[in-house]
Student: 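Got a structure here, written out as structure tokens. Questions coming.
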Amino acid sequence: MKNKNKIKINSLIKPFNKVINIEGDKSLSIRWALLASQSYGVSQATNLLKSEDVLNTLKCLKTLGIKIRLTKQKCKIYGKGINGYNYKKKLILNAGNSGTLARLILGLLVHSKNNIKIIGDKSLSKRDFYRIINPLQKFGAKFKSKKGKLPINIYGSTDPGPINYIENKGSAQCKSAVMFAALNTEGQTIIKAKKSRNHTELLYKYLKIPIQVTKKKTYNIIKVSGIKKLNPLNYKIPSDISSSAFFLVLTILSNKSKLIIKNINVNSSRVGVIKILQMMGAKILFKNIRYYKGEKISDIYVESSKSLKGINCPSHLNSSAIDEFLVIFLVAAKANGVSYFKNLSELNQKESPRLKWGSKILNSMGIRTITTEDSIKIYGNPKLKVNKKIVIKDYLKDHRVFMSSVIAALTFGGEWTIYDKDSTQTSFPSFMKIINKIKKS
Ligand code: S3P
């Protein structure tokens, strides 16, 4: 039987000059929904990302007794106040593929009156949850799991927190889960957190949740206090820089092409990808910069690059580019010289072991790599033209492996068969539609 869930690509993309819109930011969409569910009253969002990770967030909230109305244009969440969930007996929440959902919602469940079970798909069930169980236990919640993996049972505490916590992985999910748990505690939770995306901090400031952030060179001290009532939050979700990264790289690696990507969230804790690509010689500009509820938003202008150079990527940019490395590696493959990306053990903690998959894709194209547990050296070849058959499959349906492979196929050539097309539903359902729009130049 014909497998409709794979695509074949066997020609390079032709020069293009386009303006595109990308879907809403995933981190902000999930955070908005979870916070709206804890507010008292109706919150409304536009440009909410309607991908599986976000739809699973809405489903979990409905299971917890929250009313939600989702239309093409808008999402409305009828919050029932801090800790206002319906903790029925034997609840099961399915987080699907989303680490952000599973980890952040656990933060809100440290108060649950009954046992709640969190489950997820094959990829999520391989990922580490001790990183979240350990700090959340300090709030008084109890957990049952096998080796810190899903399925996990959480038993809430009647008198949670506050706690002191050191977050040393640069994980925004761990930091945010603890900040969520702190919402319903009496007293101040203090987090020493290695720098990572700061959307939760900005939303707390905007919502007037007591928060104090002291910035140090490599970490921040975050002090959060619990509150009794949270106001609803209307939000226009800006578009996702992680999704736009595929189109930045498509343009950089294509011939004589230009692209404008509208309305992107360029929060400084997310723009590592732009800084790294610029270091490699890419032409990228921000235009029409504006601010919205603490977030920085811009249109991004990008053009093809004739000459790219290999870099020794500074590790301090790792957390602000953590979701973009697979596609950044493609630029390193085309660059003059060797590129070195290090201190990246967190990349193997994602939807698939991405250091492994990054080198697998490059090796199949004929690029030499040296990979360790936490680093990759890429021997770039500016003249590389791929003209063989490449098959990408069995990658735990990691959406970013699929999308990076499509970009590689369209810019390096070869005859590619890429399985699990539906993986784009996780974060970027319109990905192939935008590719096809650009192809029709
Ligand atoms: C996210 C944080 C990052 C990132 C993920 C989204 C978030 O994970 O990889 O896609 O929204 O907080 P870690 O916090 O595990 O680094």
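Order of appearance sets the numbers: ligands from 1, and atoms from 1 within every ligand. In this text the structure is predicted, and so the values were computed from the model without any measurement.
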Student: Looking at Tyr155, does the NZ or CZ of Lys142 lie under 6.0 angstrom from its six-membered ring centre and within 45 degrees of the ring axis?
Tutor: no
Student: Identify which one of Asn115, Leu109, Leu64, Asn114 satisfies the side-chain contact (heavy atoms from CB on, under 4.5 Å) criterion when paired with Leu91.
Tutor: Leu64
Student: So is Gln173 polar-close to ligand 1, meaning N/O to N/O under 3.5 Å?
Tutor: yes
Student: So does Arg197 pair up with Asp323, basic N to acidic O under 4.0 Å?
Tutor: yes
Student: Aromatic ring centroids of Phe329 and Phe341 under 6.0 Å?
Tutor: yes
Student: Can you sort out which atoms of ligand 1 are near Ile322, meaning under 4.0 Å from one of its heavy atoms?
Tutor: 9 (O)
Student: Quick one: look at His199 and ligand 1, take heavy-atom pairs under 4.0 Å, and tell me if it's side chain, backbone, both or neither.
Tutor: neither
Student: Do Glu324 and Ser242 have side-chain N/O donor and acceptor atoms under 3.5 Å apart?
Tutor: yes
Student: Looking at the rings of Tyr301 and Phe286, which for Trp means the six-membered one, are their centres under 6.0 Å apart?
Tutor: no
Student: Give a yes or no on this: more than 12 heavy atoms of other residues, nucleotides or ligands lie within 6.0 Å of atom NZ of Lys262.
Tutor: no
Student: What protein heavy atom lies closest to atom 12 (O) of ligand 1? Include the residue and the distance to one decimal.
Tutor: Arg31 NH2, 2.7 Å
Student: Quick one: look at Gln349 and ligand 1, take heavy-atom pairs under 4.0 Å, and tell me if it's side chain, backbone, both or neither.
Tutor: neither
Student: I need the nearest protein heavy-atom contact for atom 8 (O) of ligand 1: residue, atom name and distance, please.
Tutor: Lys350 NZ, 3.1 Å
Student: Atom 6 (C) of ligand 1: which protein heavy atom is closest, and how many Å away?
Tutor: Thr100 OG1, 3.3 Å
Student: Ignoring angles and geometry beyond distance, decide whether Ala172 reaches within less than 3.5 Å of ligand 1 through its nitrogen or oxygen atoms.
Tutor: yes
Student: Using a strict 4.0 Å threshold on nitrogen-to-oxygen distance, state whether Lys175 and Glu201 make a salt bridge.
Tutor: yes
Student: Within the 4.0 Å heavy-atom shell around Ser27, which atoms of ligand 1 are there?
Tutor: 6 (C), 7 (C), 11 (O)
Student: Which ligand 1 atoms, with their elements, are less than 4.0 angstrom from a heavy-atom of Ser171?
Tutor: 13 (P), 14 (O), 15 (O), 16 (O)
Student: To the nearest 0.1 Å, how far is atom 10 (O) of ligand 1 from its closest protein heavy atom, and which atom is that?
Tutor: Asp323 OD2, 2.7 Å
